[in-house]
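To start, the structure under review is shown below, and the notes come after it.
Positions are given from 1, in the same order as the sequence printed here.
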Amino acid sequence: DTEAAFAVHLTGTADDSGRTVTFDLSVAGTDGCTGNVSETKLGSFQLIFDGSTVWIKPDDEFWRKGAGVTDPAQLAMLKGKYVTGTSSASSLGELTTMCQLKVLLKDFTTLPAADAPDEIKGRVTRISGQRALKISDTQDSAYIYVTDTAQPKLLQLIDPGSGGANFTFGYPGTPVAITPPPSSEI
C-alpha cells in the first residue's frame, strides 16, 4: 500500500563514502518527489523530480565543496539556479532512487505468511505509538516495520549493511504537488 499512497513523507539518513546524507522528501507515489537533501561537509540542495526530469538547486556550500566552484563571480551567477537532467542520466538519476518507492523497496515485494519463521517476520512492537511488525529481507541484513493492520503501511526501513540506511515513512493525507521550477531559475 505504500507505493499507492496519496503522499508519503520520507525522512532519513544513509552513508555515502563516509559522509552522512540526510533526506527530507515528500514523495508522490510513482509521480516523483520534492524536498531537501544534505550531505555532511558538502552542503545541501533542493530536489524536484517529476518522474522523468530531475532538478537540483544547490546551496553555496554545495557549489563550493561539492562541485568545486570557488570563483565569486561564478558563485553569484549560480546562486538560486537549478541544475537539470533526466532520471536516466547517471549523476542526477541516482538521486531519484529515493523518489521511486518501487525501486527503494524492491527487496520487500510481499509480506510474509502468518506462519513465516521469526527470522523473517518478527514480533509485533510499537513504532510512534502504532502496532508494527518487523519483516526481514531474506537476502541481507535489511528489515522494515509495517503497521500491523489489514492494509499494512510502511513505517521504517533499516539497512545496517548498506551504509547504515535508516528511513522513516509518514502519511500526511494530502497530495504532493510536483511543480517544476520556473525557467528563470534554470
Side-chain angles (χ1 to χ4, degrees), residues 1-51 54 56 87 93-178:
D1 253 1
T2 301
E3 187 183 336
F6 199 57
V8 177
H9 184 217
L10 172 62
T11 57
T13 59
D15 180 76
D16 180 24
S17 303
R19 291 187 294 263
T20 300
V21 179
T22 303
F23 301 91
D24 186 351
L25 303 171
S26 294
V27 182
T30 58
D31 296 330
C33 75
T34 184
N36 293 298
V37 178
S38 63
E39 190 164 347
T40 306
K41 299 181 183 175
L42 285 183
S44 64
F45 55 87
Q46 292 178 11
L47 170 69
I48 301 171
F49 174 58
D50 70 0
V54 60
I56 65 165
S87 60
E94 289 178 18
L95 296 171
T96 65
T97 301
M98 302 305 301
C99 301
Q100 300 173 64
L101 296 178
K102 193 176 263 185
V103 174
L104 184 64
L105 302 174
K106 70 182 181 310
D107 294 330
F108 298 97
T109 56
T110 59
L111 292 176
D115 60 351
D118 284 345
E119 306 88 62
I120 298 171
K121 185 184 88 172
R123 296 191 174 130
V124 174
T125 187
R126 291 210 173 266
I127 305 261
S128 300
Q130 297 183 64
R131 286 176 49 92
L133 180 65
K134 179 180 178 180
I135 299 172
S136 297
D137 181 351
T138 58
Q139 304 300 312
D140 58 31
S141 60
Y143 56 95
I144 60 174
Y145 286 99
V146 297
T147 57
D148 184 31
T149 60
Q151 296 287 321
K153 288 187 177 181
L154 183 62
L155 297 172
Q156 285 186 326
L157 182 149
I158 300 167
D159 191 352
S162 177
N166 186 337
F167 304 115
T168 300
F169 298 79
Y171 304 90
T174 56
V176 175
I178 306 298

Just so I know, are the side chains of [X] and [Y] near enough to count as touching, which here means a heavy-atom distance under 4.5 Å?
X	Y	value
S26	T34	yes
D24	H9	yes
L10	T168	no
E39	F45	no
Q46	I56	no
C99	L47	yes

About how many Å separate [atom2] of [Y] and [atom1] of [X], when rounded to the nearest 0.5 Å?
X	Y	atom1	atom2	answer
I127	K134	CD1	NZ	10.0 Å
F169	L155	CZ	CG	9.5 Å
L25	C33	CG	SG	4.5 Å
D50	I178	CG	CD1	8.0 Å
Q156	T11	CD	OG1	9.0 Å
L133	I135	CG	CD1	5.0 Å

Heavy atoms only: give me the nearest F23-A14 pair and the separation to one decimal.
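It is CE1-CB, 4.2 Å.
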Identify the two heavy atoms, one from S87 and one from G51, that lie closest to each other, and give their separation to 0.1 Å.
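Closest heavy-atom pair between S87 and G51: OG-O, 4.2 Å.
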Quick check: does any side chain N or O of [X] sit under 3.5 Å from a backbone N or O of [Y], one acting as donor and the other as acceptor?
X	Y	value
T147	K153	yes
D15	G18	yes
Q100	T96	yes

Run the numbers on N36 and S44 for side chain to side chain contact (heavy atoms under 4.5 Å, CB included), then give the verdict.
CA-CA 7 Å; N36 293 298; S44 64; over 6 Å; no
Check step by step if side chain to side chain contact (heavy atoms under 4.5 Å, CB included) holds for L154 and I144.
CA-CA 7 Å; L154 183 62; I144 60 174; 3.6 Å; yes
For residues 166-178, which residue pairs pass the salt bridge (Lys or Arg N to Asp or Glu O under 4.0 Å) check, not counting sequence neighbours?
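Those involving residues 166-178 do not exist here.
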Residues two or more places apart in sequence or in another chain: which of them pass ring-ring contact (aromatic ring centres under 6.0 Å, His included) with Y145?
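With neighbours one apart ignored, the set is Y143.
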